[in-house]
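Shown next, in structure tokens, is the structure this report addresses.
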Amino acid sequence: MYVRFQGTIRSQRGHYPGVFALANGLARDGRLSEEEYRFWRAGNDWYDAAYPDPSATDPGVYDQDVNPGAVAWFKTTAVHLIDRVTGYLDLLAAHGVACERVESSSPGRIVYEDDVQVVVVPWGTEPPHRSAAGIPAE
């Protein structure tokens, strides 16, 4: 089983941004108070140290041409990571950014996996397979 915390509005790329992308956007836009910024920075530093960055293992994992719509999901066994998301949810709520918890046993085609997470291309987001002549295969 997998869990993802994501926004409720699709991004320009067509997917629902994850909790970290949403919080990073608030920080990037200068919308955080000093206290919120300290929380965000410390939280991101903790997460950076607590689990692998899929892009460091596979630089193409989030490449939109190779893995369109690729997003990360926690494994539900990664309780130590999931428990700390609450602070991010509180931060987003304070800024009126809606976020939801989504669970799935099969969120998509797995393109990366480690002990605590998977990166998947969600079902239905891949372009149709094409034959050598460029005609969609059946």
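Residue numbers start at 1 and run along the sequence shown. Bear in mind that the values here come from a model prediction, so they are computed numbers and not experimental data.
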Exercise for the section: Could you pull out all residues at least two apart from Gln64 that satisfy side chain to side chain donor-acceptor pair (under 3.5 Å)? Expected result: none
Exercise for the section: Please report the shortest heavy-atom distance between Gly87 and Phe39, naming the atom on each side. Expected result: C-CZ, 3.4 Å
Problem - Cluster link Val97 to Val19, ILVMFWY, side chain under 4.5 Å - result: yes
Handout entry: Exercise: identify the closest heavy-atom pair between Pro122 and Pro68
Key = CD-O, 4.3 Å
Practice task
Using the rule that two of Ile, Leu, Val, Met, Phe, Trp, Tyr join whenever any of their side-chain heavy atoms come within less than 4.5 Å, decide whether Val121 and Val118 are in one cluster.
Solution key: no
Handout entry: Among Val3, Thr77, Val116, side chain to side chain contact (heavy atoms under 4.5 Å, CB included) partner for Ile82
Key = Val3
Handout entry: Check: Tyr112 and Pro52 side chains under 4.5 Å, non-hydrogen atoms
Key = yes
Handout entry: Min side-chain heavy-atom separation Trp123-Arg109 under 4.5 Å
Key = yes
Handout entry: Note, Glu36 side chain near Arg31 side chain (heavy atom, < 4.5 Å)
Key = no
Exercise for the section: List the atom of Asn67, the atom of Gly60, and the distance in Å for their closest heavy-atom pair. Expected result: ND2-O, 3.4 Å
Exercise for the section: Check whether any side-chain heavy atom of Trp40 sits under 4.5 Å from a side-chain heavy atom of Asn24, and report yes or no. Expected result: yes
Handout entry: Beyond-backbone contact of Tyr51 with Asp115, side-chain heavy atoms, under 4.5 angstrom
Key = no
Completion exercise
Across all chains, not counting sequence neighbours, the ring-ring contact (aromatic ring centres under 6.0 Å, His included) partners of Phe20 are Tyr47, Tyr88
Practice task
Taking the side chain as every heavy atom from C-beta outward, state whether Leu89 and Arg101 have any atom pair closer than 4.5 Å.
Solution key: no
Problem - Contact check, side chains of Val120 and Val71, non-hydrogen atoms, under 4.5 Å - result: yes
Handout entry: Derivation and outcome, side chain to side chain contact (heavy atoms under 4.5 Å, CB included), residues Lys75 and Asp114
Key = CA-CA 9 Å; Lys75 293 181 176 181; Asp114 61 40; 5.8 Å; no
Problem - Heavy-atom side-chain contact between Leu92 and Leu26 under 4.5 Å - result: yes
Completion exercise
CG of Asp58 to CG of Asp53, rounded to nearest 0.5 Å, is 10.5 Å
Exercise for the section: Start with the C-alpha gap between Trp73 and Gln117, add the side-chain angles, then the distance that decides, and say whether side chain to side chain contact (heavy atoms under 4.5 Å, CB included) holds. Expected result: CA-CA 6 Å; Trp73 291 67; Gln117 67 185 325; over 6 Å; no
Problem - Closest contact, heavy atoms only, Cys99 versus Leu22 - result: SG-CD1, 4.3 Å
Exercise for the section: Write down the atom of Tyr2, the atom of Pro107, and the distance for their closest heavy-atom approach. Expected result: CD1-CD, 3.5 Å
Problem - Minimal non-hydrogen separation, Trp46 against His80, with atom names - result: CH2-O, 3.6 Å
Exercise for the section: Enter the distance from His95:NE2 to Leu32:CG here, rounded to the nearest 0.5 Å. Expected result: 5.0 Å
Practice task
State the CD-CD distance between Gln6 and Glu100, to the nearest 0.5 angstrom.
Solution key: 5.0 Å
